[in-house]
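To start, the structure under review is shown below, and the notes come after it.
Naming: A, B, ... by sequence-line order, numbering from 1 per chain.
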Amino acid sequence: MITFDAVTKRYPDGTVAVDRLGLEARTGEITVLVGPSGCGKTTSLRMINRMIDPSEGRILLDGAPVDTVDPPVLRRGIGYVIQQAGLFPHRKVVDNVATVPYLLGWNRKRARGRAMELLERVGLDPAMGERYPFQLSGGQQQRVGVARALAADPPVLLMDEPFSAVDPVVRTNLQDELIRLQAELNKTIVFVTHDIDEAIKLGDRVAVLRVGGKLAQVADPKTLLTEPADDFVREFLGRDRGIRRLQFVSTGGLRLRTDLTVREGADGRGDEPWLLALTAEGRAAGWLARGRPGELGPAGTFRHGRDSMRAALDAALLSPSGHAVAVDEQDKVVGVATRQALDEALTEAVHG
Amino acid sequence: MNWLVDFFGDPAHWSGPYGIPVRLLEHLEFSALALFLATLVAVPLGLLIGHTGRGHLVVVVSANLARAIPTLGVLVLFVLLLGTASIWPVIIPLVLLAVPPILVNTFEGIRGVDPELRDAAYGMGLRGGQVLGQVLVPVALPLILLGLRLSAIQVVATTTVAAYTGLGGLGRFVIDGFATQDYASVFGGSVLIVLFALVVQVGFTLVQRVTVSPGVSRRLKVRDSGATSR
Amino acid sequence: MGDGPPSLWEWIARNWDTGRAGSIRDLLSDHLLMSLVPIVAGLALALPLGLACIRWRWLYQPTAAVFNVLYALPSLPLFMLLISVTGLSPVTVIIPLIFYAMAVLIPAVVDGIRAVPEHVRQSAVAMGFTPLRRLVQVELPIAAPVVIAGLRVVAVSSISLVSVGALIGQGGLGMLFTRAYQNPFLPPVVVGIGLIVLLALVADGLLVLAQRLLTPWERARRAT
Ligand SMILES: Nc1ncnc2c1ncn2[C@@H]1O[C@H](COP(=O)(O)OP(=O)(O)OP(=O)(O)O)[C@@H](O)[C@H]1O
Ligand SMILES: [Mg+2]
């Protein structure tokens, strides 16, 4: 656990970058620091590994003040990932990843072995280990940066806007990758970003800072979206806060109808305006409109119980019928969530 | 061309204390000595100023001044002031003139390293000396070597001129030949000096090839293994 | 008076204008001429060559390589080798200095013009500038700071290098050095070094001034 105990940072020119910050980053969780530019995120992060020393207050790592440890020694036990990756251009990728193991005195073979293993872990072909950084794309460099931070298996990882310099597609990949990695590794991660979507996607807990380095609110993403502490946080979360909140409402309780499906090729019958055609394997083939046999409209699907209400709503909006199709892990249709069912669930989400 | 045949074809020019081999070794010795001493002073100073960022005015001023000061004048000045009892009155100005190019380029090289890189290095847990030695110097090496090469060019030229004030080396053939109107010697000596300078230039290019990481010089072609995301 | 060696100032006063060849004033004007020609000629040759290197990209590598090698050659042997062609004249000293100047200025011209942002170039094209007008009115002014920085290096080193010519009797103020060495006597060296450094500083200052006048927007930017 990382504890900020009334930490203030005043730069020599008088700028107060962080103002009496009290915050805990729990072990095994991702704590995201988010806020507008200049609000002191980087400063806060860099005080943890003593790249910057606080003017007042203390930072504790598992109860021990960090200022009692020799900075280089402290830093070797804390992974650090920065925006442009900061890879050493003169060293091959594998040796970049092995930087801290080398510093810790591991022999070359063991350090390189570990580096290769990590390259694979972060989704890179180990053959890339023999390249130099300039021979990699930005996204690949960023993965190497993460691998390098993980090399000596530090319990704590500090990440300063690590994904903000890559294009949106690559950024989404990297975020998913981080979530997957964290599920395996259970590190204590402090992650800085100015992107609220990224914060909500990645954070177990999100700390919102305001300019001047004051903590505005710290909470899990759901609470943050439902109960913003004040106008600043509300503003920062943005206008589509309501929709985003649905990300945290489960589809498990959604009432499903199973009487709206027919086998593909069969005719529409009864008085339902829309019926869902199924393939032989039980997957969704498309929506059939009454009176227009043979014409299939696209069917939006969501994983029942696993995807959020936001995904279910999205699926409904993609279907001409206005209903969302619930599927299981094998993409087999388990039922249909009608507009009425969605409406009930939404009403419950707002009040419940 | 006849002069060159006269000069290089005369067996007397190939032996004895005033022969080509001795003059060549002298030239090498004085140049190497001056360059070595200058490196000893300029590289650590450049690293220090570049790494700490303090005292960069010294570097800028010394660079500009060094270019303006006439080498022949300084050589004559030192010899008139200190006499010719030893080679030092000549070697000292050689060293002084060789310092600035190394100093400036070492300084610029270190200062020019991407601050993110320096930051990442400290963040990994490297100590100050390790950051300098393992990151800053390898990345700044092309510029440091450029400084050494420019300085070597300067030293080889100044050693030649220094023959006028009595120093040995290949310049002797030129200076003495000119004084006695022995044009075979003047031309032969000139060709030798030009060759010497070219060899030094090639030598530095080779050193650069060997010591600068391909990751810095970007000399490698990208070999795409096809496993990339873009 | 009359006994002992003359003071520095006495010596200067006595030798400033002797009416014979070799007075300080003569040497000074020789020196000015011999250093001015390489600067001007160097620029006049480097500009078209640099532009050619931009027009035909393949030309730059070999050109730069050739001048890099020339730059590495000491001046004295070059003077000596040239004597058989141009004799014992100032031209013999001036020619190698032109090569050195070109070695510095060609990359400066190329880098300077390559540094012109593509969108600036494109908008000049879009506004209908002919290539020549674009060069003169857009690209060269933007490249000027880099070229002038190169010129400053060239000016200062040419002024100090001319003095080596004294070893073949064509060295401008450098003649004071050989004179001082032949009948061991300090004042000429001091005066020679002093005047050469002074000339270099003045030339450097003039070029800084020229840069200010030619690129007023740079100054405005610095002031904000
Ligand atoms: N070395 C410094 N000296 C003086 N002021 C500084 C220094 N570093 C940062 N600041 C100031 O402290 C404040 C916080 O800076 P910090 O870099 O922590 O912000 P940030 O939240 O990371 O911003 P961004 O999102 O733009 O990266 C800013 O006002 C900044 O200008
Ligand atoms: Mg920041």
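Interface with chain B: from residues 154-170 of chain C, residues C:Val156, C:Ser157, C:Ser160, C:Ser163, C:Val164, C:Ala166, C:Leu167, C:Ile168 qualify, criterion being any non-hydrogen pair under 4.5 Å. Heavy-atom proximity under 4.5 angstrom to chain C picks out B:Arg149, B:Leu150 from residues 140-152 of chain B. Scanning residues 179-200 of chain C against chain B with a 4.5 Å heavy-atom cutoff picks out C:Ala180, C:Tyr181, C:Gln182, C:Pro184, C:Phe185, C:Leu186, C:Val189, C:Val190, C:Ile193, C:Ile196, C:Val197, C:Ala200, ordered by number. Residues of residues 24-35 of chain C lying under 4.5 angstrom from chain B, judged on non-hydrogen atoms, do not exist here.
Contact of the B:Thr39 side chain with the B:Phe36 side chain is not registered, since no non-hydrogen atoms from C-beta on lie closer than 4.5 Å. Residues C:Leu173 and C:Leu176 are in side-chain contact: their nearest non-hydrogen atoms beyond the backbone lie under 4.5 Å apart. Side-chain contact between C:Tyr60 and C:Arg114 is present, with heavy atoms from C-beta onward closer than 4.5 Å. By the 4.5 Å heavy-atom criterion applied to side chains, B:Phe78 and B:Val90 are not counted as neighbours. Residues C:Met80 and B:Phe187 form no side-chain contact, since every pair of their non-hydrogen atoms from C-beta on lies 4.5 Å or further apart. Between B:Leu28 and B:Phe196 there is a side-chain heavy-atom pair separated by less than 4.5 Å. Between B:Arg23 and B:His27 there is no side-chain heavy-atom pair separated by less than 4.5 Å. Annotation: side chain of B:His56 is in contact with side chain of B:Phe107 (closest heavy-atom distance under 4.5 Å).
Looking at C:Leu88, only its side chain comes within 4.5 Å of chain B, counting heavy atoms on both sides. With a threshold of 4.5 angstrom between heavy atoms, C:Asp204 does not approach chain B through any atom at all.
Side-chain atoms of C:Arg152 never come within 3.5 Å of backbone atoms of C:Leu207 as a donor-acceptor pair (strictly under, hydrogens ignored). Between the side chain of C:Thr92 and the backbone N or O of C:Gly87 there is at least one donor-acceptor pair closer than 3.5 Å. Between the B:Asp10 side chain and the B:Asp6 main chain, no donor and acceptor come within less than 3.5 Å of each other.
Minimum heavy-atom separation, C:Gly50 to C:Val110: O-CG2, 3.7 Å.
The candidate from B:Val202, B:Val191, B:Ile153, B:Val200 with the greatest count of non-hydrogen atom pairs under 4.5 Å with chain C is B:Ile153. Between chain C and the options B:Ala157, B:Pro70, B:Ala197, heavy-atom pairs under 4.5 Å are most frequent for B:Pro70. The candidate with the highest count of non-hydrogen atom pairs below 4.5 Å against chain C, out of B:Val79, B:Thr159, B:Val76, B:Ile175, is B:Val76.
Between B:Phe7 and B:His13, the ring planes lie tilted relative to each other; the angle falls in the 30° to 60° range.
Crowding of B:Phe8 atom CZ: a count of heavy atoms from other residues, nucleotides or ligands under 6.0 Å exceeding 12.
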